[in-house]
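To find a chain, count down the sequence lines: A is the first, B the second, and so on, and within it residues start at 1.
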There are 2 protein chains.
Amino acid sequence: MNVRRTTIKDVAEAAGVGVATVSRVLSGGSASPETRERVLNAATQLDYRPSALGRNLRQRRSGGIGLLVPDITDSFYGRLADGVLACARSAGEPVVLGTTGDDAEREAEQIGMLLEQGVERVVAVPAGNAEIWEPTLRTGLTMVFAHRPVTARDDVPAVLADDRAGVRTAVDYLTGLGHRRIAYLGGPGQGQRVAAFRQSVGALLDEELIVFARGSRDSAYAAAAGLFQHRPDLTAVLAGGNQLGEAAVLAARELDLRVPKDLSLVMFDDVPWAELCSPPLTVIAQPAQDIGYRAAELVLRAGARRPRGVLLPTELIVRGSCGPRRTP
Amino acid sequence: MNVRRTTIKDVAEAAGVGVATVSRVLSGGSASPETRERVLNAATQLDYRPSALGRNLRQRRSGGIGLLVPDITDSFYGRLADGVLACARSAGEPVVLGTTGDDAEREAEQIGMLLEQGVERVVAVPAGNAEIWEPTLRTGLTMVFAHRPVTARDDVPAVLADDRAGVRTAVDYLTGLGHRRIAYLGGPGQGQRVAAFRQSVGALLDEELIVFARGSRDSAYAAAAGLFQHRPDLTAVLAGGNQLGEAAVLAARELDLRVPKDLSLVMFDDVPWAELCSPPLTVIAQPAQDIGYRAAELVLRAGARRPRGVLLPTELIVRGSCGPRRTP
DNA sequence: CTGAAAGCGCTAACAG
DNA sequence: CTGTTAGCGCTTTCAG
């Protein structure tokens with residue numbers, strides 16, 4: 001089927017030089033101008049494409065960067081992936097994508113697969129904790145965490161949105177509108193945000209108003225509906241992601257809660273449909289694509305300098321889903 | 001940095017057999033039960049992970065499947081990718097993802113990269129035409145097109161949604177409501193759908209009511225707004241994708257067109273926010289994930305049988321964005 | 001500056 | 001059934 005691609009050897013023969021010389025020229029090594037031209041000509045003539053296979057084996061590592069996200073279906077991770085792809089493309093590196101479903105076991109399995117492929121640079125939205133990551137990090141691969149850190153692994157660079165500030169801004173906005181019973185609807189791995197939430201609400205803290213969903217849409221809906229039913233006294237909710245926000249809108253609608261009259265809603269992550277929603281959703285925008293791009297940048301530049309992670313700003317975008325506390 | 005991973009040779013020594021035997025056992029070849037056990041034990045003991053690098057070079061092809069989509073940020077392609085990933089995972093194959101931006105040149109560049117990586121099986125949502133694809137297909141890689149075919153390349157299997165039926169159903173629905181001036185708002189590579197649209201509207205056909213956007217959200221908005229302004233007499237529009245639908249909703253809102261009172265809207269692709277929209281959008285649902293899964297299946301099984309492509313059903317989901325023709 | 005040669009880890013003949 | 005051997009295409013000493 002395959003007509004044997006031209007190899008470095010063919011080029012060497014055609015140019016009347018040794019394979020080593022071809023290799024050098026093609027990877028920018030030193031060579032006399034004359035030789036260089038002969039090689040380049042031959043290569044062009046033969047339409048030579050160096051095979052990554054040979055190089056990879058020789059160097060005991062595949063180029064390319066691995067990308068692990070919980071769910072490529074989620075707009076946020078889609079944009080994050082897009083950022084990684086953009087950066088990788090400008091570096092000419094392939095990207096191997098895997099999804100973890102926010103499951104530590106599946107994550108480990110994917111890491112194993114990447115390692116088997118010789119991928120030694122990976123950007124991941126981590127699902128597991130420090131203990132889970134321990135063995136992986138010991139393998140010596142170059143890791144960069146994106147979107148959330150692994151607690152107690154500050155030695156691994158992470159590219160994050162400033163969740164703390166985002167949460168605080170949102171909570172301040174809500175309390176400023178008079179809200180006192182503010183709920184947090186969270187997803188997996190949101191330790192940072194929840195901590196920030198607890199801190200931001202301060203004396204208003206009510207642990208019952210903090211609920212979590214697992215990764216799925218169903219779980220998100222169940223959590224939202226459960227929350228609204230059990231605590232009809234709450235007047236505002238902060239959703240920790242676009243799927244959670246979606247669930248909140250749906251659950252509120254189902255329970256005949258008017259947004260923003262009965263319930264004020266702020267959603268983490270600005271998605272295109274936030275504006276189409278009725279009412280348009282007030283959101284905390286996160287630079288998903290930048291997160292991916294910067295993470296990829298770090299993982300590619302690693303080795304040069306030891307990078308220290310990045311914190312990117314969030315922005316509260318006020319639209320129509322928040323109002324003053326309803327007065328009973 | 002890397003402590004030299006254990007190789008097949010190490011396992012062979014530990015088990016007191018030759019490397020070939022280890023290779024055989026590990027790839028399910030024949031071996032005496034006793035030998036097999038010794039090898040397996042040694043492998044476990046040493047925590048041996050076969051390196052794909054060596055295998056790939058030897059077999060002159062990397063396993064793994066390439067996936068090319070226009071925009072991973074688009075919910076539809078996100079779901080399609082998810083399907084591909086699901087299938088690949090169950091086959092233990094890595095997926096190399098690339099985006100084309102619906103640009104033939106960029107697509108060719110990505111293909112080049114995949115080839116260089118030794119990837120010989122790719123699922124793509126094609127951007128280029130038959131002429132563009134010609135050289136690529138001659139390289140002998142295993143291709144499966146997803147979501148749309150390349151005209152005049154029926155020799156390449158394609159996994160498609162039944163656009164023809166989807167369009168017809170939508171148009172029938174709209175005409176049934178009394179609409180006579182129905183527009184089609186299309187994106188890149190929608191030859192099939194437009195043809196189906198032309199056929200479905202029959203005598204109602206008005207070429208001015210067929211407009212196209214390029215890939216971007218901006219372009220989609222511009223196309224929608226332009227259409228609505230130039231032809232205020234239209235009463236219904238069929239949007240050829242979720243970004244186009246989004247643009248249509250936005251543009252309609254901007255121009256104070258009430259949906260569905262002034263304008264009925266049907267959107268290709270059911271997305272989560274279609275239900276959150278106000279009014280909820282009537283859509284033609286496409287099995288995006290299935291498309292991806294089936295395509296991956298085909299590309300993996302190819303070689304066994306010569307596959308003939310798949311047509312998956314679409315479904316009209318009536319919600320609230322269509323009404324009877326407004327009577328002036 | 002350049003070429004010859006030695007593998008990287010694995011699989012696939014080919015003998016035994 | 002099993003071991004030996006010859007590379008896959010490339011990079012990288014090491015001499016010349």
Q) Among C/dG9, D/dG3, D/dT11, which nucleotide sits nearest the side chain of B/T7? A) C/dG9

Q: Without swapping roles, check the side chain of A/S27 against the backbone of A/S23 for a donor-acceptor pair under 3.5 Å.
A: yes

Q: With the side chain of B/R60 defined as its heavy atoms from C-beta on, choose the nearest nucleotide among D/dC8, D/dC10, C/dA12.
A: D/dC8

Q: Please list, by residue number, the residues of residues 35-59 of chain B whose heavy atoms come closer than 4.0 Å to an atom of DNA chain C; answer none if no residue qualifies.
A: B/Y48, B/P50, B/S51, B/G54, B/R55, B/R58, B/Q59

Q) Parallel, tilted or perpendicular for A/W133 and A/F145, by the 30°/60° rule? A) perpendicular

Q. Which of these passes side chain to side chain contact (heavy atoms under 4.5 Å, CB included) with A/V22: A/I8, A/T35, A/T7, A/D10?
A. A/I8

**Q.** 5'-most by nearest nucleotide on DNA chain D - A/I8 or B/V19
**A.** B/V19

Q) Any donor-acceptor pair under 3.5 Å linking the side chain of B/Q110 with the backbone of B/L68? A) no

(Q) What is the distance, to the nearest angstrom, from the NZ atom on B/K9 to the P atom on D/dA6? (A) 15 Å

(Q) Side chain of A/T21, heavy atoms from C-beta onward: which of D/dT2, D/dC10, C/dG3 has the nearest atom to it? (A) C/dG3

Q: Output yes when a side-chain donor or acceptor of B/R38 lies under 3.5 Å from a complementary backbone atom of B/A15, and no otherwise.
A: yes

Q: Select one nucleotide: of D/dC10, C/dG3, D/dT2, the one nearest the side-chain heavy atoms of B/R24.
A: D/dT2

Q) Base, sugar-phosphate, or nothing for A/S23, non-hydrogen atoms under 4.0 angstrom? A) base

Q: Assign A/A31 to base, sugar-phosphate, or nothing according to its heavy-atom contacts below 4.0 angstrom with the strands shown.
A: sugar-phosphate

Q) Testing B/V125, B/D103, B/T99 for side chain to side chain contact (heavy atoms under 4.5 Å, CB included) with B/P70, which one passes? A) B/V125

Q: Could you check which of C/dT11, D/dG3, C/dA5 has an atom nearest any side-chain atom of B/V17?
A: D/dG3

Q) Using a cut-off of 4.0 Å on non-hydrogen atoms, how would the nucleic acid contact of B/G16 be classed: base, sugar-phosphate, or nothing? A) sugar-phosphate

